[in-house]
There are 2 protein chains.
Amino acid sequence: MAASKVRHAGTNFMKENKNISRREREKRRQRRDMLAAAIQLFSEKGYHNASMQEIAAKAEFAVGTLYKFFKNKEDLYKALVTEQADRFHETLTATLAEEVGEIEQLRNYVRDKGTVFMDNVAFIRLYFAETRGASFNIKAGLDSELRERHHQLLQILAAVFSKGMNKGMFRRIAEPYHLAVALDSLCNAFLSNWLEGRDSYPESPDIILNIFFQGLLEPTAP
Amino acid sequence: MAASKVRHAGTNFMKENKNISRREREKRRQRRDMLAAAIQLFSEKGYHNASMQEIAAKAEFAVGTLYKFFKNKEDLYKALVTEQADRFHETLTATLAEEVGEIEQLRNYVRDKGTVFMDNVAFIRLYFAETRGASFNIKAGLDSELRERHHQLLQILAAVFSKGMNKGMFRRIAEPYHLAVALDSLCNAFLSNWLEGRDSYPESPDIILNIFFQGLLEPTAP
DNA sequence: TTAAAATATGAATAAGCATTCATATTTTGC
DNA sequence: GCAAAATATGAATGCTTATTCATATTTTAA
């Protein structure tokens with residue numbers, strides 16, 4: 001075909017310009033497809049019960065091809081969890097970066113955490129397992145890496161509480177970091193409830209925030 | 001031995017009287033030892049990476065003996081998790097059964113949940129994995145059973161909130177069940193923090209309860 | 001068009017591990 | 001003490017599955 005030479009020239013041109021060649025795009029698509037198949041099977045059947053052959057079949061590749069992209073099963077799993085968690089943390093970090101006042105920031109955090117979770121149900125089980133559950137040795141170091149990232153997010157959240165306190169907007173009822181832990185865990189609890197089909201995740205973040213904001217105890221004396 | 005007949009007679013006598021024979025006691029000890037070895041290995045290495053041979057070795061029995069006590073690996077795992085969770089829920093149910101006033105009940109719940117967890121660190125990882133994590137198919141039905149039991153405990157906790165509200169002691173800032181979910185998840189979050197070595201679990205339950213009781217927001221106008 | 005290079009394939013290999021069962025050891029009842 | 005009966009043992013079996021690699025297919029570049 002006459003076009004082939006042209007196409008090739010184009011390819012080189014694009015590479016040099018930090019764009020992506022056709023082949024590169026194809027590779028990424030393949031990788032995406034593999035990860036998509038893997039996330040489904042892992043979250044359905046767990047790490048050990050999902051075989052490489054199954055994953056390959058579901059992604060419509062041969063096993064050998066899987067190994068062209070991922071050194072081994074653990075590597076595949078790590079890539080999966082890490083990339084998803086990244087998207088996760090990026091989203092929520094961006095949410096907290098908006099300077100819209102502390103109360104609004106908290107409201108947005110609760111809302112967006114809900115949204116991200118709902119949009120990635122398949123991944124959530126893995127995520128819970130990784131961040132809270134028995135880390136199960138698969139992947140030495142993976143979970144401490146994830147925990148660390150989670151910790152960083154909580155620190156950003158803690159800063160919001162801290163700032164609100166300095167402004168005299170929030171009372172110092174606990175350490176800012178503890179409040180961050182608390183708010184985040186409230187979201188998790190409600191999301192977990194929602195996952196079990198026990199309840200729906202609150203439409204409005206205020207239902208969760210009220211627990212923080214209102215205080216439970218009836219004021220006793222004026 | 002002259003004693004043997006006597007012993008045997010005694011055995012029958014005891015059986016009839018719902019007491020335990022020597023052999024029975026021995027059996028239970030063996031079972032306990034097996035479960036103890038299993039819990040260590042499972043919580044260290046996870047279900048799939050702990051082999052029956054290893055468990056047997058650690059408990060100082062032959063594999064075959066393990067199979068005299070448990071139908072198969074899954075059965076062993078189920079027994080383990082179920083029995084531990086039972087102790088768990090019995091303890092906390094008992095705690096909430098004491099009629100010492102709603103505030104004190106909540107305080108006791110937070111305290112005892114902390115204690116029980118600290119005393120069973122090895123099990124906690126499994127527990128978290130079972131109650132929150134990817135249920136991972138091992139043991140179909142196990143996790144829904146555990147979730148159900150957890151749900152029941154939360155309902156008892158919810159009743160405490162409900163009662164406190166009726167007495168005008170608590171404000172109705174959220175559904176009682178939601179408050180139960182929230183308080184329980186706060187405990188989990190702090191315990192999980194403690195597990196990671198990030199922080200110690202609060203000596204006094206009040207640190208956790210304050211988050212509920214005080215309310216974060218500074219009152220704006222009188 | 002064509003041959004060399006790159007890539008994809010999946011059958012074959014090897015290792016791990018749950019489970020069984022023929023045999024050895026211990027306990028029981030006399 | 002002794003021989004059934006009960007119990008414990010761990011080597012052998014069979015199955016699953018991660019990983020490899022010789023071969024087939026596709027792409028590249030002339």
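Below, chains carry the letters A, B, ... as their sequence lines are ordered, and counting in each starts from 1. What you see is a predicted model, and the numbers here were worked out from it, not measured in a lab.
Screening residues 55-67 of chain B for salt bridge (Lys or Arg N to Asp or Glu O under 4.0 Å) gives no qualifying pairs among residues at least two apart or on separate chains.
A straight line from CG of L66(A) to P of dC21(D) spans 17 Å, rounded to a whole angstrom. In this structure, the CZ atom of F70(A) is 16 Å from the C1' atom of dA18(D), given to the nearest Å. K71(A) places its NZ atom 16 Å from the P atom of dA18(D), with the value rounded to the nearest Å. Taking atom CZ on F42(B) and atom C1' on dC17(C), their separation rounds to 13 Å, with Å as the unit. For the pair N49(B) CG and dA15(C) C1', the interatomic distance rounds to 14 Å; values are reported in whole Å.
Classified by interplanar angle (parallel below 30°, tilted 30° to 60°, perpendicular above 60°), the ring pair Y47(A)/F42(A) is parallel.
If you check every strand for non-hydrogen atoms under 4.0 Å, A50(B) touches sugar and phosphate atoms only. Counting any heavy atom pair closer than 4.0 Å across all strands shown, S51(A) reaches sugar-phosphate atoms only and no base atom.
Distance from the side chain of A62(A) is smallest to dT9(C) among dT9(D), dT19(C), dT9(C). Checking dT19(D), dT20(C), dA8(D) against every side-chain atom of Y67(A), the shortest atom distance belongs to dT19(D). Distance from the side chain of F61(B) is smallest to dT9(D) among dT9(D), dC17(C), dT19(D).
Residues K73(A) and K27(B) both approach DNA chain D. Their nearest nucleotides, taken by heavy-atom distance, put K27(B) toward the 5′ side. Each of K68(A) and V63(B) has a nearest nucleotide on DNA chain D; the 5'-most of these lies closest to V63(B).
Rounded to 10°, the helix from dT1(C)-dA30(D) to dC30(C)-dG1(D) has 10° between the axis fitted to its first five pairs and the one fitted to its last five.
The main-chain N or O of D75(B) is found under 3.5 Å from a side-chain atom of N72(B) such that the two form a donor-acceptor pair. Side chain of T82(B) to backbone of K78(B): a donor-acceptor contact under 3.5 angstrom is found. Remark: the backbone N or O of V100(A) is not paired with any side-chain donor or acceptor of Q105(A) at under 3.5 angstrom.
Classification of R28(A) and E24(A) as a salt-bridged pair holds, one side-chain N sitting under 4.0 Å from a carboxylate O.
Under 4.0 angstrom from either OP1 or OP2 of dG16(C) there lies no side-chain N or O belonging to Q53(B). When the side-chain nitrogen and oxygen atoms of Q30(A) are compared with OP1 and OP2 of dT7(C), none of them lie within a distance under 4.0 Å.
For the side chain to side chain contact (heavy atoms under 4.5 Å, CB included) criterion with K113(A), the lone passing option out of T91(A), N188(A), L153(A), T95(A) is N188(A).
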